[in-house]
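All values derive from a computational prediction rather than experimental measurement.
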Amino acid sequence: MKLGMLCAVGAAVCFGFATVLQAAGARAAEPGTGSGVDARLLGRAVRQGRFIAGLVVDALGFGLEIVALRTLPIYVVGAALAASLAVTAVAASRVLRVRLTGTEWGAVAAVCGGLAMLGLTSGGEGHHPGSTAVRVGALGTAVAVLAIGAVAGRLPDRTRSAALGLGAGFGFGVVEVAVRLVRDFSPRALLANPATYALLIGGGAAFLLLTSALQRGSVTAATAGMVIGETVGPAAVGIAALGDRTRAGLTPLAIAGFTLAVLGALALARFGEGGPPTADG
């Protein structure tokens with residue numbers, strides 16, 4: 001349990017720093033056509049040094065996230081990942097010299113307090129393997145993320161950013177659930193498991209949508225949408241279908257901790273901006 005919580009917090013730290021690096025790199029890339037899902041934008045972004053550095057940090061964070069999801073309920077890991085915005089806010093205040101208001105420092109404290117409450121109340125991960133319907137549902141949701149991106153590309157700027165962020169959050173949420181649904185790693189089992197494809201499609205689609213959102217509009221709106229998409233749905237699936245539970249008698253405290261952490265993260269959504277764009281040599 002202790003290792004899982006350390007890994008979840010470590011993943012949040014990685015994702016928090018990666019957000020700043022990827023936002024700067026994506027905005028330094030040449031703009032594309034405005035499509036919600038633009039693979040060519042990703043190709044241009046990876047030419048930026050800061051974006052590549054963000055990918056490396058993201059990869060480390062994903063490895064820590066997998067360990068956390070194997071030992072903790074999804075609702076705990078999801079709230080911890082949302083808390084990456086607190087990391088981004090504190091980093092921005094030091095590295096980018098962005099001044100935090102008293103309200104924002106309060107939001108950082110709320111995130112930390114919420115995570116502490118979750119750490120105290122969470123039981124172990126559920127041991128239900130997940131039904132075929134859940135696996136197919138995860139795959140269907142992953143494909144739907146691509147459809148959300150296509151539709152979002154035609155929306156007005158502010159609405160488009162929020163829709164791209166929400167779609168990216170759904171995709172990252174699919175990854176959280178799919179990691180729990182992949183238990184047999186033999187090649188034959190992986191190829192036969194719909195969750196394998198859900199993980200790949202959901203993660204790839206989410207990354208494309210988030211990259212587009214980081215470049216093309218209000219990253220604040222996109223980040224807020226992402227926090228909602230990657231926390232609420234996966235937490236519900238974990239409890240309803242995978243057997244995630246709190247410690248006996250502590251469910252109200254767990255709900256309060258989850259709510260506090262997510263609301264604090266939403267209050268810090270502007271720190272997804274990552275500072276003003278500059279050219280990257």
Less than 4.5 Å apart, any side-chain heavy atom of L209 and any of F172? no
Linking I/L/V/M/F/W/Y whenever any side-chain heavy atoms sit under 4.5 Å apart, do V76 and L64 land together? no
Taking every heavy atom of T121 against every heavy atom of A254, the minimum-distance pair comes out as OG1-CB, 3.3 Å
Among all residues two or more places apart in sequence or in another chain, which pass the side chain to side chain contact (heavy atoms under 4.5 Å, CB included) test with A79? L115, L118, F258, A261
Output side-chain donor-acceptor pairs under 3.5 Å for residues 136-152, partner residues at least two apart or in another chain, one line each.
unit_1, atom_1, unit_2, atom_2, d
T141, OG1, G137, O, 2.9

Provide the closest heavy-atom pair for L69 versus R180 in the form atom of the first, atom of the second, distance. O-CD, 3.1 Å
Decide yes or no on side-chain contact (heavy atoms from CB on, under 4.5 Å) for L166 and M226, but give the supporting numbers first. CA-CA 5 Å; L166 185 62; M226 183 181 69; over 6 Å; no
Taking a hydrophobic cluster as the set of Ile, Leu, Val, Met, Phe, Trp and Tyr residues connected by side-chain heavy atoms closer than 4.5 Å, whether directly or through intermediates, do L266 and V108 fall within one such cluster? yes
So, using side chain to side chain contact (heavy atoms under 4.5 Å, CB included) as the criterion, who are the partners of A189 when residues are at least two apart? D184, S186
Which atom names give the shortest non-hydrogen contact between A265 and V227, and what distance separates them? CB-CG1, 4.2 Å
Please evaluate residues V174 and F170 with respect to the criterion side-chain contact (heavy atoms from CB on, under 4.5 Å), reporting the C-alpha separation (whole Å), side-chain torsions for both, the decisive distance (0.1 Å), and the verdict. CA-CA 6 Å; V174 167; F170 287 153; 5.6 Å; no
Would you check if L120 and R247 make a side-chain contact, meaning some heavy-atom pair closer than 4.5 Å? no
Just verifying a value: how many Å separate T251 OG1 and I239 CD1, rounded to the nearest 0.5 Å? 8.0 Å
Fellow cluster residues of L190, listed by chain then number, with links counted only when side-chain atoms sit under 4.5 Å apart: V182, F185
Could you list who else is in M117's hydrophobic cluster, with ILVMFWY side chains joined at under 4.5 Å, directly or through other members? L253, L260
Which value, rounded to the nearest 0.5 Å, describes the distance between S84 atom OG and E230 atom CD? 6.5 Å
Closest heavy-atom contact between A68 and G4? CB-O, 3.6 Å
Verify the cluster assignment for L242 and L81: are they in a single hydrophobic cluster under the rule of side-chain heavy atoms below 4.5 Å apart? yes
Does any pair with a residue in residues 188-206 pass side-chain hydrogen bond (donor to acceptor under 3.5 Å, both in side chains), and if so which ones, sequence neighbours excluded? R135-N193
Atom of A168, atom of A206 and distance for their closest heavy-atom approach: O-CB, 3.3 Å
Could you walk me through whether D244 and V237 pass side-chain contact (heavy atoms from CB on, under 4.5 Å), step by step? CA-CA 9 Å; D244 287 348; V237 172; over 6 Å; no
For the residue pair F62 and F15, what are the closest heavy atoms and their distance? N-CZ, 3.6 Å
